[in-house]
Novice: 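Sharing a structure below in structure tokens format, with a few things to ask.
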Amino acid sequence: MGAYLCSMSKVRVRFAPSPTGGLHLGGVRTVLYNYLFAKKNGGDFIVRIEDTDQTRFVEGAEDYIFNCLKWCGMQPDESPLHGGPFAPYRQSERKALYKKYAEQLINDGFAYYAFDTPEELEKMRQDFKTAANPSPQYDGNVRMKMRNSLTLLPEEVEKLLAENTRHVIRIKMPANETISFTDMIHHEVSFDSSLVDDKVLLKADGMPTYHLAVVVDDYLMKITHAFRGEEWLSSAPVHVLLWKYLFGLENMPQWAHLPLIMGPSGKLSKRDGAKYGFPVFAMNWTDPKTNELTEGFKERGFLPEAFVNLLAVLGWNDGTEQELYSMEELVECFSMDRVHAAGAKFDFEKAKWFNQEWIKKSGVESYRLIVKEIFETKGVSINDDVYFTKVLDLVKERCTLLTDFYTQAAFFYAAPSLYDEASVKPKWDNDKKDFFKALISRYSNLAEWGGGAPENEFKNLATEKNIKIGELQMIFRIMLVGSKMGPGVFVIAETMGSAETINRIEKAINVFSQF
RNA sequence: GCCGCGUUGGUCAAGGGGUUAAGACGCCUCCCUUUCACGGAGGAAUCACGGGUUCGAAUCCCGUACGUGGUACCA
């Protein structure tokens, strides 16, 4: 181990999503680690779209992915959207490239044509299925019993090819070889080649499978480090072999297989979101076919800084006690060898804590517009941004999600329509009523409203009337807010202004007298 | 079934032969505040199991169990 960086070449990493739907937590974290590693090492971050399965194409998914990256603050250096010297960056547009590599493998004896139809494959799986082997593979044990260029006469193969018979190209896995490589997270990993199946490399429609495409494109795009989810580890021996056959092991990128992010019960799926009440995707995603909406962290009220932060430390830490990191700090501190090998269960409670911390940490300016939109969606129009900022500043430390600003501060924009009766009733009597009536006239005559004046006036009057302040303060709060919540009452009164305060006292006196 | 990967409190985790086994989230108690939060002080709670190696194991080795991923002309 040790030096993972090849001293010769510039670091180049890629995030290679297939545009089939929303981008979930694990996906974003994979991008993040790619991005951090690239930036940390002064390298390039490439986004390549792996759309080789035409049956799974989903309208809008690619744009959506780029929107998510943008929201998270990760701009690709090269991508189908941003261009670059290795274009095109969509595998579907690179289709013609792959065939020659597949054919080269055949010529070198590392791959073969297979003419088996889907029905024949299904039959094979049925025929070879036993209790001890419930899912037989197309591998060294069965390939000589199938219809392929290994079993057919050369002239038969020629004929089938000449007739354009549908066929695929499969890798011919060698027998009894140990295939091993060094993973940046798992270290030495090895496989017995006899146990790996003859993966399809080129499909009948001429498109490569992931296995071929990833190797060819990583080579062509000069990728130095390849990071992906651990679900790929099982097929790594195929990729290693292809590198060996095609481009040389010495040119193979350094691999890192990232631990999986788990849901409350097993692998995190978008179903978990609906089931347990937390978002799974970065941003809202509506499936164009089913119209099904899957909630995003953004819409749930997360700050992108918090989202990035919580993802970064889910499976990685720098060995210190620091937990809050900006993107810049992450770039500074990140290293792949401090990434955990084990999967991590996602904890929404902790995720919310990160958001709360970022709300407190950030200036209101950085999210004012988003919160403004939330208010306006709720039917509250914001005309005075100075006042709005003041209000947000007042309540920010009791907000966990951006949407909480509405519940915490809506009372600044509308007098309560409902009062906490149970808290007022036991304290409300004629003395209190007289007090608040007198308070109205005192407040009306107040020359200046700021600088603690409402509080002083309130307290003076209480002393004069010989009522304990504690007896009055809660009532006052409920007059202004409606319930037992919010910042200090006098701060609220000062912020609202005298007219509004007086209005609310008047209104409340009437209501309370009915209790 | 087979193969791969993994296993420190409920969760995220530090620690990689000798530690009172950090810290954070969550939970509980108290303080602050006549509200709710924020903040502060405490508390409960952990090295999956069994064998080795060693004076000494959470740490190294081997098994077992459990979890998880793969086992597609999907990525």
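In what follows, chains carry the letters A, B, and so on, assigned in the order in which the sequence lines appear, proteins first and then strands, with residues in each chain numbered from 1. Side chains are part of it too, since the values below use all heavy atoms of this structure and drop only hydrogens, waters and symmetry mates.
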Novice: With the side chain of A:K345 defined as its heavy atoms from C-beta on, choose the nearest nucleotide among B:C38, B:U11, B:G23.
Specialist: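 In terms of side-chain proximity for A:K345, the closest of B:C38, B:U11, B:G23 is B:U11.
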Novice: NZ of A:K99: more than 12 outside heavy atoms within 6.0 angstrom?
Specialist: no
Novice: So, OP1 or OP2 of B:G39: does either fall under 4.0 Å of a side-chain N or O from A:K360?
Specialist: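 Answer yes for this pair, as a side-chain N or O of A:K360 is under 4.0 Å from OP1 or OP2.
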Novice: Examine B:A72: is either OP1 or OP2 under 4.0 Å from a nitrogen or oxygen in the side chain of A:K203? Give yes or no.
Specialist: no
Novice: Would you say B:G15 has OP1 or OP2 under 4.0 Å from some side-chain N or O of A:R338?
Specialist: yes
Novice: Give a yes or no on whether a donor-acceptor pair under 3.5 Å exists between the nucleobase atoms of B:C36, that is its base, and the side chain of A:R398.
Specialist: yes
Novice: Output the rounded distance in Å from CZ (A:F191) to C1' (B:G70).
Specialist: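 That distance rounds to 9 Å.
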Novice: Touch check for A:P487, heavy atoms < 4.0 angstrom, all strands: base, sugar-phosphate only, or nothing?
Specialist: base
Novice: Start with the C-alpha gap between A:D347 and A:K350, add the side-chain angles, then the distance that decides, and say whether salt bridge (charged side-chain N to carboxylate O under 4.0 Å, His left out) holds.
Specialist: CA-CA 6 Å; A:D347 180 6; A:K350 182 103 188 211; over 6 Å; no
Novice: Across the strands shown, which category fits A:E230 at heavy-atom distances under 4.0 angstrom: base, sugar-phosphate, nothing?
Specialist: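 Base contact - A:E230 has a heavy atom under 4.0 Å of at least one base atom.
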Novice: Let me know which of A:Y367, A:F278, A:F297, A:F281 forms a ring-ring contact (aromatic ring centres under 6.0 Å, His included) with A:F302.
Specialist: A:F297
Novice: Quick one: which of A:K129, A:K123, A:E122 gives a side chain to side chain donor-acceptor pair (under 3.5 Å) with A:Q126?
Specialist: A:E122
Novice: Among B:C12, B:U71, B:G1, find the nucleotide with the atom closest to the side chain of A:A132.
Specialist: B:G1
Novice: Using a cut-off of strictly less than 4.0 Å, decide whether A:N133 has a side-chain nitrogen or oxygen near OP1 or OP2 of B:C2.
Specialist: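 No, A:N133 has no side-chain N/O under 4.0 Å of OP1/OP2 on B:C2.
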Novice: Of the options B:C3, B:A14, B:C25, whose atoms approach the side-chain atoms of A:D347 most closely?
Specialist: B:C25
Novice: Between B:A24, B:C25, B:U71, spot the one nearest the side chain of A:Q137, thanks.
Specialist: B:U71
Novice: Please work out if A:E471 contacts a base, only the sugar-phosphate, or nothing of the nucleic acid, heavy-atom cut-off 4.0 Å.
Specialist: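 Since a base atom lies under 4.0 Å of A:E471, the category is base.
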Novice: Within this structure, what is the NZ-CG distance for the pair A:K432 and A:L439, rounded to the nearest 0.5 Å?
Specialist: 14.0 Å
Novice: Name the nucleic acid region contacted by A:V200, choosing base, sugar-phosphate or nothing; use a 4.0 angstrom heavy-atom cut-off, strictly under.
Specialist: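 It contacts sugar-phosphate atoms only.
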Novice: Within this structure, what is the CD-to-P distance between A:Q408 and B:C38, rounded to whole angstrom?
Specialist: 11 Å
Novice: By the 4.0 Å heavy-atom rule, please label A:V196 as base, sugar-phosphate, or nothing.
Specialist: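 Since no nucleic acid heavy atom lies under 4.0 Å of A:V196, the category is nothing.
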Novice: Minimum heavy-atom separation for A:Y89 to A:V47, with atom names?
Specialist: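 Nearest pair, atom of A:Y89 first, then A:V47: CB-O, 3.8 Å.
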Novice: Over all strands shown, is A:S483 touching base, sugar-phosphate only, or nothing at heavy-atom distances under 4.0 angstrom?
Specialist: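 The residue A:S483 makes no contact with any strand.
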Novice: Whether the side chain of A:S234 and the base of B:G69 hold a donor-acceptor pair under 3.5 Å is what I'd like checked.
Specialist: yes
Novice: Of the options B:A24, B:U71, B:U11, whose atoms approach the side-chain atoms of A:W353 most closely?
Specialist: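 Ranking B:A24, B:U71, B:U11 by closest atom to the A:W353 side chain puts B:A24 first.
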Novice: B:A13, B:U35, B:U71: which one has an atom nearest the side-chain heavy atoms of A:R477?
Specialist: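 Within the option list, the nearest is B:U35.
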Novice: Looking at the base of B:A24, is there any donor atom on it, or on the side chain of A:K350, that sits under 3.5 Å from an acceptor on the other one?
Specialist: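 Such a pair exists between side chain and base.
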Novice: Remember a base hit wins even if backbone is also touched, and classify A:D139 as base, sugar-phosphate or nothing at under 4.0 Å, heavy atoms.
Specialist: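 No contact at all - A:D139 keeps every heavy atom at 4.0 Å or more from the nucleic acid.
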Novice: Side chain of A:Q473: nearest nucleotide among B:A72, B:U34, B:G70?
Specialist: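 Closest of the options to the side chain of A:Q473: B:U34.
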Novice: Can you name the nearest heavy-atom pair linking A:F346 to A:A351, along with the distance?
Specialist: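 Reported closest heavy-atom pair: CZ-CB, 3.8 Å.
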Novice: Touch check for A:K267, heavy atoms < 4.0 angstrom, all strands: base, sugar-phosphate only, or nothing?
Specialist: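 Answer is sugar-phosphate: A:K267 comes under 4.0 Å of backbone atoms only.
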Novice: Using a heavy-atom cut-off of 4.0 Å across all strands, would you classify A:G229 as base, sugar-phosphate, or nothing?
Specialist: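 The residue A:G229 makes no contact with any strand.
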Novice: Taking atom P in both B:U19 and B:U7, what distance in whole Å separates the two?
Specialist: 22 Å
Novice: Just N and O in the side chain of A:T52: are any of them under 4.0 Å from OP1 or OP2 of B:A75?
Specialist: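 For B:A75, OP1 or OP2 has a side-chain N or O of A:T52 closer than 4.0 Å.
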Novice: Just to confirm, is there a sub-4.0 Å distance from OP1 or OP2 of B:C38 to any side-chain nitrogen or oxygen of A:Q356?
Specialist: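 True: A:Q356 side-chain N/O within range (under 4.0 Å) of B:C38 OP1/OP2.
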Novice: Separation of A:R56 atom CZ from B:A72 atom P, in whole Å?
Specialist: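 So the CZ-P distance, A:R56 to B:A72, works out to 15 Å.
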Novice: Indicate, with a heavy-atom threshold strictly under 4.0 Å, whether A:V395 touches base, sugar-phosphate, or nothing.
Specialist: nothing
Novice: If the cut-off is 4.0 Å, is A:R170 near the phosphate of B:C73, judged by side-chain N/O to OP1 or OP2?
Specialist: yes
Novice: Scan every strand shown for a Watson-Crick or G-U wobble partner of B:G4, both distances under 3.5 Å, and answer none if you come up empty.
Specialist: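 Answer to the pairing question: B:U68, which forms a Watson-Crick or G-U pair with B:G4.
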Novice: For B:A14, take OP1 and OP2 only and decide whether either is under 4.0 Å from a side-chain N or O of A:H340.
Specialist: yes
Novice: When we call it a touch if two heavy atoms are under 4.0 Å apart, what does A:D53 touch: a base, just sugar-phosphate, or nothing?
Specialist: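 Counting heavy atoms under 4.0 Å across all strands, the contact made by A:D53 is with sugar-phosphate only.
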Novice: Base, sugar-phosphate or nothing for A:R228? Non-hydrogen atoms, less than 4.0 Å.
Specialist: nothing
Novice: Has A:E163 got a side-chain atom pairing as donor or acceptor with A:T165's backbone, closer than 3.5 angstrom?
Specialist: no
Novice: Taking any heavy-atom pair under 4.0 Å as a contact, classify A:A342: base, sugar-phosphate, or nothing.
Specialist: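 Sugar-phosphate contact only - A:A342 comes under 4.0 Å of backbone atoms but never of a base.
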Novice: Given atom CG of A:L233 and atom C1' of B:G70, what is their separation to the nearest angstrom?
Specialist: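 The answer, rounded to whole Å, is 9 Å.
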Novice: Under a 3.5 Å cut-off for both contacts, is B:A37 paired Watson-Crick or G-U wobble with anything, and if yes, with which nucleotide?
Specialist: none
Novice: More 5' along RNA chain B: A:M485 or A:T117, using each one's nearest nucleotide?
Specialist: A:M485
